[in-house]
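Here is the naming used below: chain letters follow the sequence lines, and residue numbers restart at 1 for every chain.
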Amino acid sequence: MPNDPDPPPAKRFKPGSVFFRQHKNKPGMLLPRKGHVTTPIDVQRKQLPIYQAKPQLLNQLRQLHNAILIGETGSGKTTQIPQYLYEAGIGRAGIIAITQPRRVAAVSLAGRVAEEKRTPLGKLVGYTVRFEDVTSSETKLKFMTDGMLLREAIGDPLLLRYTVVVLDEAHERTVHTDVLFGVVKTAQRRRRELNKIPLKVIVMSATMDVDLFSEYFNKSPVLYLEGRQHPIQIYYTKQPQSDYLQAALVSIFQIHQEAPPSHDILVFMTGQEEIEALARTCRDIAKHLPDGCGPMVVIPLYASLPPTQQLRVFQPAPKGSRKVILSTNIAETSVTISGIKFVIDTGMVKAKRFNPDSGLEVLAVQRVSKAQAWQRAGRAGREDSGSCYRLYTEPEFDNLIPMTVPEIQRCNLASVMLQLMALGIPDVMNFDFMSKPSPEAVRSALEHLELLGAVERKEGQVFLTALGKKMASFPLEPRYAKTILLSPDYSCSEEILSIVSLLSVDTVLFNPPARRDEVLAARKKFSSSEGDHMTLLNIYRAFKKVSGNKEWCRENFVNSRNMGLVKEVQAQLKDICLKLNLKLESCGADTGNVRRCLAHGMFVNAAELQPDGSYLALDTHQPVAIHPSSVLFQGKPAYVVFNELLHTSRCYMRDLCLVDADWLLDAAPEYFGRKLHPTKS
DNA sequence: GAGCACTGC
């Protein structure tokens with residue numbers, strides 16, 4: 001570890017030149033289990049690059065309250081730093097927490113460290129993620145998701161159980177990590193003021209853009225870790241490409257004809273449809289290649305692919321064949337594939353943007369950031385030297401934005417604001433964010449919470465109401481939490497808990513386009529004229545009636561894994577309801593009550609039929625339409641509440657529930673007094 | 001009559 005951190009290695013990398021990345025060995029969700037390990041574990045630990053720096057590192061970390069640590073993931077920093085601290089007796093008075101953006105990472109890292117410490121998981125070393133807490137009173141090294149630590153902070157804003165908090169993968173800038181920055185900084189200051197045991201905060205990043213981190217944590221020192229590095233050659237196109245898919249196709253086959261067949265290719269693209277189309281084209285072309293050109297195995301990779309198909313990316317291609325993986329940005333961080341020699345980067349990504357005025361989130365194809373382009377390139381140099389073909393010119397690269405905009409600046413802030421207030425932050429409008437969201441986004445979130453009755457304004461300040469405090473105890477979007485809290489008034493908590501659980505997981509329904517007619521026929525049995533919520537509820541009830549029978553799921557195009565998740569979520573929500581002393585009962589066949597409750601809870605998402613047959617969203621007065629996937633698509637209900645707006649070719653409402661105008665008026669008389677135009681019903 | 005990047009509590 002050099003004492004002079006300047007210039008950081010990455011800043012020396014010039015586009016187009018050879019640059020170096022170190023060896024990575026990050027456990028990924030789908031990383032296949034290692035076979036047998038021949039090197040003893042304590043020898044392995046000493047072989048890690050970080051081991052050389054241990055004395056200086058400990059010396060620094062002992063003294064510092066804040067430190068920023070740069071090193072590639074898997075240089076050993078995530079597994080070793082917590083052990084070094086513990087072994088040196090630093091932070092022994094409490095627990096050392098290490099946060100991760102992803103569950104799988106928290107779980108597998110804990111497993112690895114427990115193995116290295118030769119202790120059973122859940123004793124000295126443990127982990128906590130949603131639905132799973134493998135810790136005990138003996139646990140001193142605790143791996144957890146960033147969201148989990150945030151949730152704990154609501155009950156204990158000073159984080160008094162912890163003496164050290166390590167925020168890992170900070171460069172990813174998830175909403176949770178960004179909020180945690182502020183939470184740990186506040187906790188640190190308050191603990192000092194209250195003469196409590198100090199809190200040490202270590203921020204770990206794999207990228208060099210740490211000026212912000214250092215500045216934010218009182219100009220804290222930045223420590224650099226070097227790792228094992230492999231050179232990667234970067235290539236740019238000579239001309240801008242108008243069709244990146246065509247360019248990708250050409251590049252794939254150019255490499256295929258020139259490189260040894262054992263060298264696999266990873267192509268970064270934007271989404272499922274594009275990936276499947278290019279996969280078909282590649283397979284077609286590969287059939288008619290000249291002699292001397294080996295066969296090609298084309299494998300798509302994206303998150304919505306069933307897990308068994310995702311695992312295919314890890315199977316080596318048959319001898320003499322080349323593996324070509326067409327992937328979304330899931331392969332940037334979540335899935336780690338070995339053997340990649342070539343990366344082809346289209347330079348494009350599909351990402352969500354949020355418009356606070358309309359409250360609309362739009363999924364759009366856009367250019368990657370420079371940091372993202374480097375991350376993609378790095379995937380070619382994990383075991384050995386590699387190449388990255390960028391399907392754009394060097395000047396185009398120079399014009400990319402340096403960093404991906406942190407998620408907190410492009411998402412709906414309603415949940416974040418509610419959580420901050422539940423944490424007892426006095427002035428949420430001026431919370432000390434590392435990267436401030438726009439004032440419009442903050443204002444819009446607070447207005448939303450005010451409409452739901454979660455906050456009140458007094459003399460220009462906002463306060464959490466008793467209702468808001470209860471809402472914050474649910475791991476849900478505020479409007480869902482509100483709906484649950486209203487449900488006892490309508491004697492339908494059981495039904496609402498099921499519906500909210502169904503809505504809070506990824507879809508529980510399969511829709512294979514090739515079997516469209518079968519899907520429609522199967523779905524018809526559960527279809528309700530009252531809307532999609534009630535239809536989902538019917539499916540869930542049927543699922544429970546057959547005890548989740550797999551055969552039944554297949555016949556009815558129901559995703560049994562996600563249904564299992566629904567049950568877990570429901571159990572968790574029920575638990576919270578019991579702690580809040582909510583009355584849990586079922587309304588049985590009287591589903592009108594369920595719809596009344598949904599209308600009351602979701603009134604901000606209401607739409608009204610216009611005389612010309614179109615719909616207007618009542619809050620923003622923008623034109624909206626019923627999504628063709630809705631069971632209400634054929635009908636023309638006068639009033640509906642909807643779950644979300646999807647902006648594609650039009651602005652579509654998804655997951656609709658039929659409601660009465662009167663119910664909406666009852667829910668928010670003032671709000672609707674000026675918006676509703678009830679026609680004779 | 002349409003189509004969904006990726007996480008997480």
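- A straight line from CZ of A:F474 to C1' of B:dG8 spans 18 Å, rounded to a whole angstrom.
- Checked by atom type and distance alone, the side chain of A:D133 never pairs as donor or acceptor with a backbone atom of A:T128 at under 3.5 Å.
- Comparing B:dG3, B:dA2, B:dC6 by their nearest atom to the side chain of A:S629 picks out B:dA2.
- As a whole-Å value, the separation of A:E644 CD from B:dA2 C1' is 14 Å.
- For A:Q272, taking side-chain heavy atoms from C-beta onward, the closest of the listed nucleotides B:dA5, B:dA2, B:dC9 is B:dA5.
- Atom C1' of nucleotide B:dC9 and atom CG of A:L503 are separated by 16 Å, given to the nearest angstrom.
- Residue-level contact check: A:R173 touches neither bases nor backbone, having no heavy atom under 4.0 Å from any strand.
- When each of A:L502, A:T483, A:V569, A:L573 is tested with A:L497 by the rule side chain to side chain contact (heavy atoms under 4.5 Å, CB included), just one qualifies, namely A:L573.
- Closest to the side chain of A:F633, from the set B:dG8, B:dG1, B:dC6, is B:dG1.
- Among the nucleotides B:dT7, B:dC4, B:dC9, the one closest to the side chain of A:L646 is B:dC4.
- Rounded to a whole Å, the CG atom of A:D178 is 19 Å from the P atom of B:dT7.
- Distances from the side chain of A:S334 to the nucleotides B:dG3, B:dA5, B:dC6 place B:dC6 closest.
- Cation-pi geometry between A:R515 and A:F557 is not satisfied (NZ or CZ under 6.0 Å from the ring centre, within 45° of the ring normal).
- A donor atom on one side chain and an acceptor atom on the other are not found under 3.5 Å apart for A:T174 and A:H176.
- A:M269 has its CE atom 15 Å from the P atom of B:dC4, to the nearest Å.
- For the pair A:S649 and B:dG3, the criterion of a side-chain N or O lying under 4.0 Å from OP1 or OP2 is met.
- Taking every heavy atom of residues 145-159 of chain A and every atom of DNA chain B, pairs under 4.0 Å involve A:T145, A:G147, A:M148, A:R151, by number.
- A pairwise comparison of heavy atoms in A:P437 and A:Q409 identifies CA-CG, 4.1 Å as the closest pair.
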Evaluation steps, side chain to side chain contact (heavy atoms under 4.5 Å, CB included), between A:V203 and A:F181: CA-CA 9 Å; A:V203 176; A:F181 286 144; 4.2 Å; yes

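- Using a 4.0 Å cut-off, some side-chain N or O of A:T328 falls inside it from OP1 or OP2 of B:dC6.
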Residue pair A:L418, A:F474: steps toward the side chain to side chain contact (heavy atoms under 4.5 Å, CB included) verdict: CA-CA 11 Å; A:L418 184 64; A:F474 290 94; over 6 Å; no

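- The stretch residues 622-632 of chain A participates, sequence neighbours left out, in no salt bridge (Lys or Arg N to Asp or Glu O under 4.0 Å) pair at all.
- Residue contacts for A:Y302: at a heavy-atom cut-off of 4.0 Å it reaches the sugar-phosphate backbone alone, with no base atom in range.
- Of the residues in residues 559-572 of chain A, not one places a heavy atom less than 4.0 Å from an atom of DNA chain B.
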Derivation of the side chain to side chain contact (heavy atoms under 4.5 Å, CB included) call for A:M348 and A:V368: CA-CA 5 Å; A:M348 306 303 280; A:V368 296; 5.8 Å; no

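- The listed nucleotides are B:dG3, B:dA5, B:dG1; the one nearest the side chain of A:N511 is B:dG3.
- Regarding A:H647, its NE2 atom lies at a distance of 16 Å from the P atom of B:dA5, rounded to whole Å.
- Of the two residues contacting DNA chain B, namely A:E477 and A:R410, the nearest-nucleotide position lying further toward the 5' end is that of A:R410.
- Heavy-atom nearest nucleotides on DNA chain B were determined for A:Q419 and for A:V349, and the one closer to the 5' end corresponds to A:V349.
- Atom-to-atom, CD of A:Q310 to C1' of B:dT7 comes out at 13 Å; the value is rounded to the nearest Å.
- In this structure, A:D655 atom CG and B:dC4 atom P are separated by 15 Å, rounded to whole Å.
- When distances are taken from the side chain of A:A303 to each of B:dC9, B:dA2, B:dC6, the shortest belongs to B:dC6.
- Nucleic acid contact class of A:R516 (heavy atoms, under 4.0 Å, all strands): base.
- In this structure, A:R103 reaches the sugar-phosphate backbone alone: every heavy-atom distance under 4.0 Å involves primed, P, OP1 or OP2 atoms, never a base.
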Worked verdict on A:Y244 versus A:Y392 for ring-ring contact (aromatic ring centres under 6.0 Å, His included): CA-CA 8 Å; A:Y244 65 83; A:Y392 38 94; over 10 Å; no

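- Of the candidates B:dG8, B:dA2, B:dC6, B:dC6 carries the atom nearest the A:I330 side chain, counting heavy atoms from C-beta on.
- Atom CZ of A:R173 sits about 6.0 Å away from atom CG of A:L212, to the nearest 0.5 Å.
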